[in-house]
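Scroll down for the structure; my scribbles are underneath it.
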Amino acid sequence: METFEEDSLNIIFGKKQIVAVRVVMSVPDNVSAVRTAVVVTHGTGGDVNLKRLVSLARVLASNGLLCLRFTCKGLNLVYRVKAYNAVLEHLKYLKKFTIRQIFFVGRSLGARAASALARQLSVRPEDAVAGLVCLSFPLHPPGQTHGHRQRSEDLRGLPTEVPVLFLSGTADNMCEKILLEDVVKEMRCPTTVRWVEGGNHGLIVKGRTEESVQDELNAHVLSWILERIA
């Protein structure tokens, strides 16, 4: 395990109005050895201090991966994608790092934004991300499963070069298991699905501690990323 430091900053973007996105960077101490970055964002109502994302970011950084997690309020998906792209562009201009692979991680609405941007970038192979992690992808509103086709469009549009990891609970009322499995069958890219037994949309499992579930999630994400940069 490596040690790491954390630093906060604001990224400004937008033409019609100035918008600041708060970013926290978890930076491994051995900066010269960093080759992989992970950009992480939350779902509806969350922020950079969301406990699950803080835990994940620190595990990634302690294993030598640069991690940027950011706050983006609001429910507008287009705005979320623009904010995600602003953080990505900032990352590309950090001269002290030699980044060769970039992974996206999003939780809930953040996963939709991450998949949308990953699809947009894939039209330019030099900009394509190395992989996408979807935590509790919101495939449909609660009880409204008919919306899953529209919400999965970006996932189904991803090219073969962008692998995807899904981490979802079997009791998630926004991601019916059989529907996600059907979407995966239609996707062109390599996919891995890890189901958290009994987990709801917040990946809370009755009878298990939050820490034990988080350790499981962190292990899945870390091993999946490391396998793809080895």
Side-chain angles (χ1 to χ4, degrees), residues 1-13 19-29 31 34-75 77 79-94 96-97 99 101-118 121 129-138 164-167 201-203 210-211 213-226 229:
M1 290 287 186
E2 298 185 21
T3 56
F4 62 92
E5 296 182 353
E6 290 194 326
D7 187 27
S8 298
L9 64 147
N10 289 327
I11 294 175
I12 307 299
F13 77 102
V19 181
V21 176
R22 185 178 175 224
V23 178
V24 175
M25 290 200 304
S26 300
V27 185
D29 282 348
V31 171
V34 173
R35 297 291 181 271
T36 301
V38 185
V39 185
V40 182
T41 195
H42 57 87
T44 304
D47 59 24
V48 291
N49 297 314
L50 188 68
K51 189 174 180 180
R52 289 199 181 280
L53 298 189
V54 172
S55 174
L56 175 60
R58 291 175 177 173
V59 165
L60 296 175
S62 66
N63 282 273
L65 309 178
L66 173 65
C67 189
L68 288 76
R69 65 184 193 273
F70 69 94
T71 293
C72 182
K73 297 293 186 179
L75 302 179
L77 182 61
Y79 170 76
R80 286 263 185 152
V81 173
K82 289 180 179 178
Y84 215 124
N85 192 55
V87 177
L88 176 63
E89 289 301 312
H90 179 80
L91 170 61
K92 291 179 179 179
Y93 286 101
L94 293 176
K96 63 180 178 179
F97 302 109
I99 302 300
Q101 304 108 346
I102 299 174
F103 290 81
F104 287 172
V105 178
R107 200 201 94 73
S108 194
L109 180 59
R112 288 188 65 195
S115 64
L117 182 57
L121 295 173
V129 297
L132 169 66
V133 177
C134 297
L135 305 172
S136 295
F137 191 91
V164 180
L165 169 64
F166 292 98
L167 286 163
H201 190 64
L203 291 172
E210 187 176 345
E211 289 72 19
V213 176
Q214 189 59 48
D215 288 345
E216 177 185 339
L217 298 175
N218 290 347
H220 282 316
V221 176
L222 177 63
S223 63
W224 186 84
I225 291 177
L226 292 181
I229 64 176

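Fair warning: this is a prediction, and the values are worked out from it, not measured in the lab. In this chain, numbering begins with 1 at the start of the sequence shown.
The shortest non-hydrogen separation linking A61 to S26 is CB-CB, 3.6 Å. Shortest non-hydrogen contact noted between C67 and L60 is SG-CD1, 4.1 Å. Heavy-atom minimum distance, S108 versus P138: O-CD, 3.1 Å. For S55 against Q214, the heavy-atom pair with the smallest separation is OG-CG, 3.4 Å. Looking at every heavy atom in both residues, L203 comes nearest to V213 through O-CG1, 3.4 Å. In terms of heavy-atom proximity, G202 sits nearest to R107 at CA-NH1, 4.1 Å.
How far NZ of K96 is from CG of L66: 8.5 Å, rounded to the nearest 0.5 Å. Atom CD1 of I102 is separated from atom CZ of R35 by 13.5 Å, given to the nearest 0.5 angstrom. To the nearest 0.5 Å, the span separating OG1 on T41 from CG on L53 amounts to 7.5 Å. Rounded to the nearest 0.5 angstrom, I11 CD1 and R22 CZ are separated by 12.5 Å. Within the model, atoms CD1 of I229 and CG of L65 stand 5.0 Å from one another, a figure rounded to the nearest 0.5 Å. Here L91 contributes atom CG and I99 contributes atom CD1; the two are 5.5 Å apart, rounded to the nearest 0.5 Å.
At least one side-chain heavy atom of S115 sits less than 4.5 Å from a side-chain heavy atom of F137. For the pair L88/L121, a side-chain contact is recorded, criterion being any heavy-atom separation below 4.5 Å from C-beta on. Proximity of L56 to L217: side-chain heavy atoms (C-beta onward) are nowhere separated by under 4.5 Å. Counting heavy atoms from C-beta outward, V27 and D7 have side chains that stay 4.5 Å or more apart.
Around the NZ atom of K73, the shell of radius 6.0 Å holds more than 12 heavy atoms that belong to other residues, nucleotides or ligands. Remark: E89 CD is packed, more than 12 non-hydrogen atoms of other residues, nucleotides or ligands lying under 6.0 Å away.
Screening F13, F70, Y79 for a ring pair (Phe, Tyr, Trp, His ring centres under 6.0 Å) involving Y84 leaves a single residue, F70. In summary, of the residues considered (V38, V133, L132), a side chain to side chain contact (heavy atoms under 4.5 Å, CB included) with F104 occurs for L132 alone. Between H90 and the options N85, L9, I12, a side chain to side chain contact (heavy atoms under 4.5 Å, CB included) holds for only L9. When each of L68, V39, T71 is tested with V23 by the rule side chain to side chain contact (heavy atoms under 4.5 Å, CB included), just one qualifies, namely L68.
At least one donor-acceptor pair closer than 3.5 Å links the side chain of H42 to the backbone N or O of C72. For the pair K92 (side chain) and V87 (backbone), a donor-acceptor distance under 3.5 Å is absent. Between the side chain of S136 and the backbone N or O of H201, at least one donor-acceptor pair lies under 3.5 Å.
Identified under the salt bridge (charged side-chain N to carboxylate O under 4.0 Å, His left out) test for residues 45-70, with sequence neighbours left out: E6-R58, E6-R69, K51-E211.
Listed by chain and residue number, nothing satisfies the ring pair (Phe, Tyr, Trp, His ring centres under 6.0 Å) test with F103 (two or more places apart in sequence, or in another chain).
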